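Written below as structure tokens is the structure these notes are about.
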2 protein chains.
Amino acid sequence: MKLDGLDYRILDQLQANGRLTNVELSDKVNLSPSPCLRRVKQLEEEGVILGYRASLNRVALDLGMTVFVDLRLGHHGDQASSQFEASVLAMPNVISCYLVSGTADYRLEVVVKDLQHYELLLRQIQMLPFVKDIHSNFVIRAVKGESPLPLNTPT
Amino acid sequence: MKLDGLDYRILDQLQANGRLTNVELSDKVNLSPSPCLRRVKQLEEEGVILGYRASLNRVALDLGMTVFVDLRLGHHGDQASSQFEASVLAMPNVISCYLVSGTADYRLEVVVKDLQHYELLLRQIQMLPFVKDIHSNFVIRAVKGESPLPLNTPT
DNA sequence: CAGTTTTATGGCATAAAATGCCAATTGTTT
DNA sequence: AAACAATTGGCATTTTATGCCATAAAACTG
């Protein structure tokens with residue numbers, strides 16, 4: 001799909017505030033409400049906009065500790081991978097999991113209330129099949145987080 | 001702030017779909033629209049809900065490559081840190097930056113179009129003052145990403 | 001435990017927004 | 001320049017948001 005400057009402005013605004021009304025949005029991007037709504041709907045249908053979500057205060061929800069967990073798998077077969085990945089998908093406190101290059105195989109981002117809870121979760125991770133070489137990095141402070149994607153405005 | 005089961009249900013729904021209308025939301029959590037809206041407003045005012053954002057398709061926006069960049073600072077003074085952090089805040093392709101424990105000092109998450117663009121960005125990072133020991137980990141695949149926070153439903 | 005106060009809820013009326021439709025404008029092509 | 005295609009803006013209708021008030025539920029007090 002080809003996006004023009006208006007689309008980028010719309011995406012910028014919705015990244016900053018996903019609950020703008022269409023009237024507000026159309027005003028911010030200098031377009032009348034009708035075509036603005038049409039463009040948003042199309043961006044959603046084309047899959048450029050994947051969805052909308054509330055971003056929540058982790059501390060308020062007793063999830064103030066973030067840990068990056070790097071690990072490797074003992075076996076590198078399809079079976080080991082998919083079994084491990086399925087397990088990780090089922091763990092709600094693991095909020096992201098990437099297959100990465102480098103010394104580790106997987107990098108998980110984990111949120112917990114505190115060290116005590118992290119210990120429990122770490123034990124669960126250790127017990128997953130094929131898991132080896134776990135290394136934890138604790139987040140001391142978020143310098144920058146949940147930033148919007150940089151949109152290379154063309155037109 | 002004390003949250004009850006209704007609040008958690010509301011947060012759950014808004015994490016899954018931040019653009020639910022209040023009518024839809026109130027229906028999903030079994031509450032009439034008036035008190036539902038009041039609760040949402042209060043959650044926003046109290047800072048439990050930090051905001052709403054559209055989540056976008058990185059590939060569609062030419063940002064299909066994600067890289068974790070670990071690095072250390074040569075000097076560990078206040079000045080070195082704040083200068084580095086300010087630089088990082090000004091780089092749009094760095095979408096998150098954490099101060100972490102372990103061998104690295106900082107962990108950046110960077111989005112770019114491809115390796116060519118990454119090389120350019122890496123050079124920028126290398127030239128930042130005090131930066132040492134840069135290590136890049138490329139994301140091969142996202143097993144799980146942008147997951148909602150796990151809400152420990154009480155009541 | 002009854003009475004009182006506080007807090008939250010549900011319904012209603014009004015204001016605002018979303019949505020679909022159509023004419024008009026813009027810009028493209030030949 | 002004419003014809004065609006795509007996009008826009010305005011309007012009417014439906015849906016939603018919002019503020020207000022009476023009622024119900026919960027908490028507190030003596």
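Keep in mind the model is a prediction, meaning the values are calculated, not measured. Below, chain A is the first sequence line, B the second, and so on; all start at residue 1.
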(message) Taking the side chain as everything from C-beta on, heavy atoms only, tell me whether A:Q42 gets closer than 4.5 Å to A:R39.
(response)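 No. Closest side-chain heavy atoms not under 4.5 Å.
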Between [X] (side chain only) and [Y] (backbone N and O only), is there a donor and an acceptor less than 3.5 Å apart?
X      : Y     : value
B:S147 : A:I95 : yes
A:R9   : A:V29 : yes
B:D12  : B:Q15 : no
A:K113 : A:D62 : no
B:D133 : B:L71 : no

What pairs with [X] under ring-ring contact (aromatic ring centres under 6.0 Å, His included), at least two apart in sequence or on another chain?
X      : value
A:H135 : none
A:Y52  : none
A:H75  : A:F130

(request) Please check if B:V131 and B:L121 belong to a single hydrophobic cluster, counting links between Ile, Leu, Val, Met, Phe, Trp and Tyr side chain heavy atoms closer than 4.5 Å. (result)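 Yes, because B:V131 and B:L121 connect within a single hydrophobic cluster, where side-chain heavy atoms sit under 4.5 Å apart.
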(message) Let's see if you get this right: which residues in residues 46-54 of chain B place a heavy atom under 4.0 Å from DNA chain D?
(response)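 Heavy-atom contacts with DNA chain D come from no residue of residues 46-54 of chain B; none.
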(message) Reading DNA chain C in the 5' to 3' direction, which nucleotide is the first one with an atom under 4.0 Å from a heavy atom of chain B, and which is the last?
(response) C:dA8 to C:dC12
(request) For A:E119, enumerate each residue passing the salt bridge (Lys or Arg N to Asp or Glu O under 4.0 Å) test, keeping only those at least two apart in sequence or located in another chain. (result)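 A:E119 satisfies salt bridge (Lys or Arg N to Asp or Glu O under 4.0 Å) with A:R123 only.
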(message) Suppose we screen for salt bridge (Lys or Arg N to Asp or Glu O under 4.0 Å). Which residues come up paired with B:R53, at least two apart in sequence or across chains?
(response)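 Salt bridge (Lys or Arg N to Asp or Glu O under 4.0 Å) check on B:R53 returns nothing, list empty.
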(request) Give every residue pair that meets the side-chain hydrogen bond (donor to acceptor under 3.5 Å, both in side chains) criterion with at least one member in residues 22-31 of chain A, sequence neighbours excluded. (result)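 Of all non-adjacent pairs touching residues 22-31 of chain A, those that pass side-chain hydrogen bond (donor to acceptor under 3.5 Å, both in side chains) are A:T21-A:E24.
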(request) May I ask you to decide whether A:D105 forms a salt bridge with A:R72, counting only side-chain N to carboxylate O separations under 4.0 Å? (result) no
(request) Could you tell me which residues satisfy side chain to side chain contact (heavy atoms under 4.5 Å, CB included) with A:P35, sequence neighbours excluded, listed by chain and number? (result) A:L31, A:S32, A:R38
So which protein N/O to nucleotides 6-11 of chain D N/O distances come out below 3.5 Å?
{"residue": "D:dT8", "atom": "OP1", "partner": "A:R39", "partner atom": "NE", "Å": "3.2"}
{"residue": "D:dT8", "atom": "OP1", "partner": "A:R39", "partner atom": "NH2", "Å": "2.8"}
{"residue": "D:dG9", "atom": "OP2", "partner": "A:S32", "partner atom": "N", "Å": "3.0"}
{"residue": "D:dG9", "atom": "OP2", "partner": "A:S32", "partner atom": "OG", "Å": "2.8"}
{"residue": "D:dG9", "atom": "O5'", "partner": "A:S32", "partner atom": "OG", "Å": "3.3"}
{"residue": "D:dG10", "atom": "O6", "partner": "A:S34", "partner atom": "OG", "Å": "2.3"}

(request) Round to the nearest Å and state the distance from B:L25 atom CG to D:dT15 atom C1'. (result) 16 Å
(message) Between the opening five pairs and the closing five pairs of the helix from C:dC1-D:dG30 to C:dT30-D:dA1, how far apart are the helix axes, to 10°?
(response) 40°
(request) Tell me which residues in residues 13-24 of chain A put a heavy atom below 4.0 Å from DNA chain C, sorted by number, or none. (result)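 Under 4.0 Å from DNA chain C: A:T21, A:N22, A:V23.
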